[in-house]
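Because only heavy atoms are used, hydrogens play no part in the values below, and waters and symmetry mates are left out as well, while side chains stay in. Each chain gets a letter, A, B and so on, in the order its sequence line appears, and its residues count up from 1. Because the structure is predicted, anything quoted here is derived from the model rather than measured.
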Number of protein chains: 2
Amino acid sequence: MGLAKTEIFTDRQNQIALFAKAFGHPARVAILQHLFKINACICGDLVDEIGLAQPTISQHLKELKQLGLIKGNVEGTSVCYCIDNESWTGMKETMLEFLNQDISKKEDCC
Amino acid sequence: MGLAKTEIFTDRQNQIALFAKAFGHPARVAILQHLFKINACICGDLVDEIGLAQPTISQHLKELKQLGLIKGNVEGTSVCYCIDNESWTGMKETMLEFLNQDISKKEDCC
DNA sequence: TTGTTATATTGCAATATTACGATTAATAAT
DNA sequence: ATTATTAATCGTAATATTGCAATATAACAA
(Lines give C-alpha, C1' and ligand atoms only; values in the text may rest on other atoms or scores of the structure.)
Protein backbone atom coordinates (compact mmCIF):
# COMPACT_ATOMS: atom_id res chain seq x y z
CA MET A 1 0.00 0.00 0.00
CA GLY A 2 2.35 2.76 1.13
CA LEU A 3 -0.74 4.49 2.45
CA ALA A 4 -1.14 4.81 6.20
CA LYS A 5 -4.59 3.90 7.55
CA THR A 6 -5.10 7.17 9.36
CA GLU A 7 -8.84 6.61 9.87
CA ILE A 8 -8.27 4.03 12.57
CA PHE A 9 -6.16 6.32 14.73
CA THR A 10 -7.03 9.32 16.87
CA ASP A 11 -6.48 12.85 15.60
CA ARG A 12 -3.82 13.24 18.22
CA GLN A 13 -1.93 10.15 17.11
CA ASN A 14 -2.10 11.28 13.51
CA GLN A 15 -0.89 14.74 14.43
CA ILE A 16 2.08 13.41 16.37
CA ALA A 17 2.93 11.25 13.37
CA LEU A 18 2.66 14.21 11.00
CA PHE A 19 5.00 16.38 13.05
CA ALA A 20 7.42 13.51 13.52
CA LYS A 21 7.39 12.80 9.81
CA ALA A 22 8.46 16.37 9.15
CA PHE A 23 11.53 15.76 11.31
CA GLY A 24 12.08 12.37 9.74
CA HIS A 25 14.50 13.63 7.14
CA PRO A 26 17.94 15.01 8.03
CA ALA A 27 17.61 17.79 5.45
CA ARG A 28 14.55 19.18 7.21
CA VAL A 29 16.27 18.84 10.56
CA ALA A 30 19.22 20.77 9.16
CA ILE A 31 16.98 23.42 7.61
CA LEU A 32 15.21 24.05 10.90
CA GLN A 33 18.46 24.17 12.84
CA HIS A 34 19.86 26.67 10.39
CA LEU A 35 16.77 28.83 10.55
CA PHE A 36 17.02 28.91 14.35
CA LYS A 37 20.71 29.75 14.18
CA ILE A 38 20.35 32.56 11.69
CA ASN A 39 16.92 33.69 12.84
CA ALA A 40 16.23 34.98 9.32
CA CYS A 41 17.19 33.34 6.15
CA ILE A 42 16.88 33.33 2.42
CA CYS A 43 16.61 30.13 0.52
CA GLY A 44 19.87 30.52 -1.36
CA ASP A 45 21.74 30.27 1.90
CA LEU A 46 20.15 26.94 2.53
CA VAL A 47 21.14 25.53 -0.83
CA ASP A 48 24.74 26.46 -0.03
CA GLU A 49 24.56 25.43 3.60
CA ILE A 50 23.00 22.03 2.93
CA GLY A 51 24.39 20.09 0.02
CA LEU A 52 21.21 19.47 -1.95
CA ALA A 53 19.94 20.88 -5.22
CA GLN A 54 17.73 23.94 -5.20
CA PRO A 55 14.52 22.15 -6.20
CA THR A 56 15.07 19.62 -3.44
CA ILE A 57 15.50 22.29 -0.79
CA SER A 58 12.48 24.10 -2.14
CA GLN A 59 10.45 20.93 -1.79
CA HIS A 60 11.53 20.39 1.82
CA LEU A 61 10.74 24.01 2.62
CA LYS A 62 7.29 23.56 1.15
CA GLU A 63 6.55 20.63 3.43
CA LEU A 64 7.66 22.54 6.51
CA LYS A 65 5.60 25.51 5.41
CA GLN A 66 2.50 23.40 4.84
CA LEU A 67 2.81 22.09 8.38
CA GLY A 68 3.01 25.70 9.55
CA LEU A 69 6.38 25.37 11.24
CA ILE A 70 8.02 27.97 9.03
CA LYS A 71 6.80 30.94 7.04
CA GLY A 72 8.24 32.77 4.09
CA ASN A 73 8.11 36.40 3.06
CA VAL A 74 8.97 37.47 -0.46
CA GLU A 75 11.69 40.10 -0.47
CA GLY A 76 12.57 41.12 -3.96
CA THR A 77 13.84 38.14 -5.88
CA SER A 78 14.52 36.12 -2.79
CA VAL A 79 12.31 34.69 -0.07
CA CYS A 80 12.93 35.18 3.62
CA TYR A 81 12.10 31.99 5.47
CA CYS A 82 11.92 31.77 9.22
CA ILE A 83 10.49 29.74 12.08
CA ASP A 84 6.88 30.37 13.04
CA ASN A 85 7.49 30.53 16.77
CA GLU A 86 3.87 30.26 17.80
CA SER A 87 3.39 27.18 15.68
CA TRP A 88 6.63 25.68 16.94
CA THR A 89 5.47 26.11 20.53
CA GLY A 90 2.20 24.36 19.75
CA MET A 91 3.99 21.50 18.07
CA LYS A 92 6.35 21.22 21.02
CA GLU A 93 3.51 20.80 23.47
CA THR A 94 2.13 17.91 21.48
CA MET A 95 5.48 16.22 21.07
CA LEU A 96 6.56 16.77 24.67
CA GLU A 97 3.42 15.15 25.98
CA PHE A 98 4.22 12.13 23.84
CA LEU A 99 7.89 12.02 24.76
CA ASN A 100 7.19 12.43 28.48
CA GLN A 101 4.93 9.42 28.73
CA ASP A 102 7.71 7.71 30.61
CA ILE A 103 7.63 10.00 33.63
CA SER A 104 5.50 8.43 36.34
CA LYS A 105 6.47 5.05 35.01
CA LYS A 106 8.10 2.22 36.93
CA GLU A 107 10.95 0.00 35.81
CA ASP A 108 10.98 -2.24 32.75
CA CYS A 109 8.60 -5.17 32.93
CA CYS A 110 10.78 -7.73 31.17
CA MET B 1 15.49 8.58 -5.64
CA GLY B 2 13.59 7.96 -2.42
CA LEU B 3 16.97 7.61 -0.78
CA ALA B 4 18.03 10.25 1.74
CA LYS B 5 21.57 11.58 1.30
CA THR B 6 22.61 10.89 4.86
CA GLU B 7 26.35 11.34 4.14
CA ILE B 8 26.01 15.09 3.91
CA PHE B 9 24.47 15.48 7.36
CA THR B 10 25.90 15.18 10.84
CA ASP B 11 25.41 12.03 12.89
CA ARG B 12 23.24 14.01 15.20
CA GLN B 13 20.98 15.23 12.43
CA ASN B 14 20.65 11.72 11.08
CA GLN B 15 19.86 10.35 14.51
CA ILE B 16 17.15 12.91 15.13
CA ALA B 17 15.68 12.01 11.76
CA LEU B 18 15.81 8.28 12.56
CA PHE B 19 13.98 8.69 15.85
CA ALA B 20 11.45 11.03 14.31
CA LYS B 21 10.84 8.62 11.48
CA ALA B 22 9.94 5.94 14.00
CA PHE B 23 7.23 8.22 15.34
CA GLY B 24 6.19 9.18 11.84
CA HIS B 25 3.48 6.56 11.61
CA PRO B 26 0.35 6.64 13.77
CA ALA B 27 0.46 2.87 14.27
CA ARG B 28 3.85 3.13 15.94
CA VAL B 29 2.67 6.07 18.01
CA ALA B 30 -0.32 3.99 19.12
CA ILE B 31 1.85 0.96 19.87
CA LEU B 32 4.17 2.97 22.08
CA GLN B 33 1.28 4.65 23.88
CA HIS B 34 -0.30 1.28 24.53
CA LEU B 35 2.95 -0.19 25.83
CA PHE B 36 3.29 2.72 28.23
CA LYS B 37 -0.29 2.34 29.37
CA ILE B 38 -0.13 -1.40 29.96
CA ASN B 39 3.52 -1.45 30.99
CA ALA B 40 3.76 -5.04 29.73
CA CYS B 41 2.19 -6.38 26.63
CA ILE B 42 1.93 -9.28 24.28
CA CYS B 43 1.61 -8.74 20.59
CA GLY B 44 -1.86 -10.27 20.32
CA ASP B 45 -3.20 -7.43 22.44
CA LEU B 46 -1.81 -4.96 19.97
CA VAL B 47 -3.43 -6.60 16.98
CA ASP B 48 -6.76 -6.32 18.78
CA GLU B 49 -6.08 -2.86 20.17
CA ILE B 50 -4.93 -1.35 16.89
CA GLY B 51 -6.92 -2.29 13.81
CA LEU B 52 -4.15 -3.65 11.62
CA ALA B 53 -3.31 -7.17 10.51
CA GLN B 54 -0.90 -9.25 12.54
CA PRO B 55 1.97 -9.14 10.02
CA THR B 56 1.68 -5.37 9.84
CA ILE B 57 1.88 -4.96 13.61
CA SER B 58 4.78 -7.38 13.70
CA GLN B 59 6.59 -5.27 11.15
CA HIS B 60 6.06 -2.04 13.10
CA LEU B 61 7.24 -3.76 16.28
CA LYS B 62 10.37 -4.89 14.47
CA GLU B 63 11.23 -1.33 13.49
CA LEU B 64 10.78 -0.05 17.02
CA LYS B 65 12.86 -2.93 18.31
CA GLN B 66 15.66 -2.28 15.84
CA LEU B 67 15.83 1.30 17.05
CA GLY B 68 16.08 -0.04 20.58
CA LEU B 69 13.02 1.76 21.91
CA ILE B 70 11.26 -1.48 22.83
CA LYS B 71 12.40 -4.95 23.72
CA GLY B 72 10.65 -8.28 23.56
CA ASN B 73 10.95 -11.34 25.75
CA VAL B 74 9.69 -14.68 24.58
CA GLU B 75 7.25 -16.18 27.06
CA GLY B 76 5.96 -19.48 25.87
CA THR B 77 4.16 -19.02 22.59
CA SER B 78 3.77 -15.31 23.00
CA VAL B 79 6.23 -12.45 23.17
CA CYS B 80 6.19 -9.84 25.89
CA TYR B 81 7.01 -6.47 24.40
CA CYS B 82 7.75 -3.43 26.51
CA ILE B 83 9.43 -0.05 26.46
CA ASP B 84 13.19 0.04 26.97
CA ASN B 85 13.20 2.87 29.47
CA GLU B 86 16.90 3.55 29.33
CA SER B 87 16.80 3.81 25.56
CA TRP B 88 13.69 5.97 25.69
CA THR B 89 15.44 8.39 28.04
CA GLY B 90 18.39 8.66 25.71
CA MET B 91 16.15 9.29 22.74
CA LYS B 92 14.28 11.92 24.70
CA GLU B 93 17.43 13.86 25.45
CA THR B 94 18.26 14.02 21.77
CA MET B 95 14.75 15.04 20.75
CA LEU B 96 14.32 17.56 23.55
CA GLU B 97 17.49 19.34 22.59
CA PHE B 98 16.14 19.65 19.07
CA LEU B 99 12.65 20.72 20.13
CA ASN B 100 13.97 23.27 22.63
CA GLN B 101 16.01 25.18 20.10
CA ASP B 102 13.42 27.93 20.35
CA ILE B 103 14.15 28.83 23.96
CA SER B 104 16.55 31.76 24.09
CA LYS B 105 15.12 32.95 20.81
CA LYS B 106 13.60 36.32 20.06
CA GLU B 107 10.47 37.09 18.07
CA ASP B 108 9.79 36.11 14.47
CA CYS B 109 11.93 37.91 11.93
CA CYS B 110 9.35 38.30 9.19
C1' DT C 1 2.95 -37.29 17.17
C1' DT C 2 -0.69 -34.15 16.01
C1' DG C 3 -2.94 -30.20 16.60
C1' DT C 4 -3.24 -25.44 18.40
C1' DT C 5 -1.79 -20.90 19.35
C1' DA C 6 1.19 -16.89 18.83
C1' DT C 7 4.42 -14.45 16.31
C1' DA C 8 7.78 -13.86 12.40
C1' DT C 9 8.95 -13.93 7.61
C1' DT C 10 8.18 -13.78 2.67
C1' DG C 11 6.39 -11.89 -1.39
C1' DC C 12 3.99 -8.59 -3.55
C1' DA C 13 0.88 -4.64 -4.91
C1' DA C 14 -0.15 0.14 -4.10
C1' DT C 15 1.46 4.35 -2.81
C1' DA C 16 4.86 7.77 -0.91
C1' DT C 17 9.28 9.95 -0.70
C1' DT C 18 13.57 11.76 -2.28
C1' DA C 19 16.35 13.94 -5.58
C1' DC C 20 17.28 16.57 -9.52
C1' DG C 21 17.25 18.39 -14.52
C1' DA C 22 14.53 21.38 -17.12
C1' DT C 23 11.49 24.90 -17.14
C1' DT C 24 8.81 28.74 -15.52
C1' DA C 25 7.64 33.00 -13.02
C1' DA C 26 8.84 37.02 -10.81
C1' DT C 27 11.61 40.68 -9.66
C1' DA C 28 15.87 43.46 -10.14
C1' DA C 29 19.60 45.52 -12.60
C1' DT C 30 21.59 47.40 -16.83
C1' DA D 1 13.65 45.78 -23.51
C1' DT D 2 17.17 42.58 -22.21
C1' DT D 3 19.48 40.07 -19.08
C1' DA D 4 20.55 38.16 -14.59
C1' DT D 5 19.01 36.26 -10.21
C1' DT D 6 16.16 33.69 -7.20
C1' DA D 7 12.93 30.44 -6.06
C1' DA D 8 8.81 27.55 -7.41
C1' DT D 9 6.94 23.98 -10.28
C1' DC D 10 6.88 20.03 -13.45
C1' DG D 11 8.28 15.66 -14.83
C1' DT D 12 10.48 11.60 -13.85
C1' DA D 13 13.65 7.93 -12.06
C1' DA D 14 15.07 5.43 -8.06
C1' DT D 15 14.00 3.86 -3.75
C1' DA D 16 11.19 3.39 0.61
C1' DT D 17 7.03 2.47 3.10
C1' DT D 18 2.70 0.42 4.17
C1' DG D 19 -0.36 -3.37 4.39
C1' DC D 20 -1.74 -7.95 3.96
C1' DA D 21 -2.28 -12.94 2.31
C1' DA D 22 0.23 -16.90 2.53
C1' DT D 23 3.46 -19.37 4.75
C1' DA D 24 6.92 -20.60 8.19
C1' DT D 25 8.46 -21.21 12.84
C1' DA D 26 8.26 -22.09 17.65
C1' DA D 27 6.27 -23.54 21.91
C1' DC D 28 2.95 -25.79 24.16
C1' DA D 29 -1.15 -29.22 24.85
C1' DA D 30 -3.47 -33.44 24.30
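- In this structure, B/Leu52 places its CG atom 17 Å from P of D/dT17, rounding to the nearest Å.
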Verdict with reasoning, B/Glu97 to B/Arg12, per side-chain contact (heavy atoms from CB on, under 4.5 Å): CA-CA 11 Å; B/Glu97 191 194 326; B/Arg12 183 110 276 228; 2.4 Å; yes

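- The distance from atom CD of B/Gln66 to atom P of D/dA16 is 14 Å, rounded to the nearest whole Å.
- Projected onto DNA chain C by closest heavy-atom contact, A/Gly51 and A/Val74 fall at different nucleotides, the more 5' of which corresponds to A/Gly51.
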Acceptor/donor pairs from residues 54-61 of chain A side chains to any protein atom, 3.5 angstrom cut, sequence neighbours excluded:
residue: A/His60; atom: ND1; partner: A/Arg28; partner atom: NH1; Å: 2.9

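- Distances were taken from every side-chain heavy atom of B/Leu3 (C-beta onward) to each of C/dA19, D/dG19, D/dA16; the shortest belongs to D/dA16.
- Close to D/dT17, at under 4.0 Å from its OP1 or OP2, lies no side-chain N or O of A/Lys21.
- Atom CG in B/Asp48 sits about 13 Å away from atom C1' in C/dT7, given to the nearest Å.
- The ring pair (Phe, Tyr, Trp, His ring centres under 6.0 Å) search around B/Phe98 returns A/Phe23, A/Trp88, not counting sequence neighbours.
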Pairs: protein N or O with nucleotides 7-9 of chain D N or O, under 3.5 Å:
residue: D/dA7; atom: OP1; partner: A/Cys43; partner atom: N; Å: 3.0
residue: D/dA7; atom: OP1; partner: A/Gly44; partner atom: N; Å: 3.3
residue: D/dA7; atom: OP2; partner: A/Gly44; partner atom: N; Å: 2.8
residue: D/dA8; atom: OP1; partner: A/Tyr81; partner atom: OH; Å: 2.5
residue: D/dA8; atom: OP2; partner: A/Ser58; partner atom: OG; Å: 2.8
residue: D/dA8; atom: N7; partner: A/Gln54; partner atom: NE2; Å: 2.6
residue: D/dA8; atom: N6; partner: A/Gln54; partner atom: OE1; Å: 2.9

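- Comparing A/Gly24 and A/Gly76 by the nucleotide of DNA chain C whose heavy atom lies nearest to each, the residue mapping closer to the 5' end is A/Gly24.
- Whole-Å rounding puts the B/Arg28 CZ to D/dA16 C1' distance at 12 Å.
- Rounded to whole angstrom, the span from the CD atom of A/Glu63 across to the P atom of C/dA16 amounts to 13 Å.
- B/His25 has its NE2 atom 13 Å from the C1' atom of D/dC20, to the nearest Å.
- Under the 3.5 Å distance criterion, with hydrogens and angles disregarded, no donor-acceptor pair is assigned to the side chains of B/Gln101 and A/Gln33.
- No hydrogens or angles considered: a donor-acceptor pair under 3.5 Å links the side chains of B/Thr10 and B/Gln13.
- One atom, NZ of B/Lys5, and another, C1' of D/dA13, lie 14 Å apart when rounded to the nearest Å.
- Checking D/dC20, D/dT18, C/dA19 against the side-chain heavy atoms of A/His60 singles out C/dA19 as nearest.
- If you measure from atom CD1 of B/Ile50 to atom C1' of D/dC20, you get 16 Å, rounded to the nearest angstrom.
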Working note: A/Thr94 + A/Ile16, criterion side-chain contact (heavy atoms from CB on, under 4.5 Å); need CA distance, chi angles, decisive distance, verdict. CA-CA 7 Å; A/Thr94 301; A/Ile16 291 169; 3.7 Å; yes

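- Here the side chains of B/Lys92 and A/Ile103 are in contact, with some heavy-atom distance below 4.5 Å.
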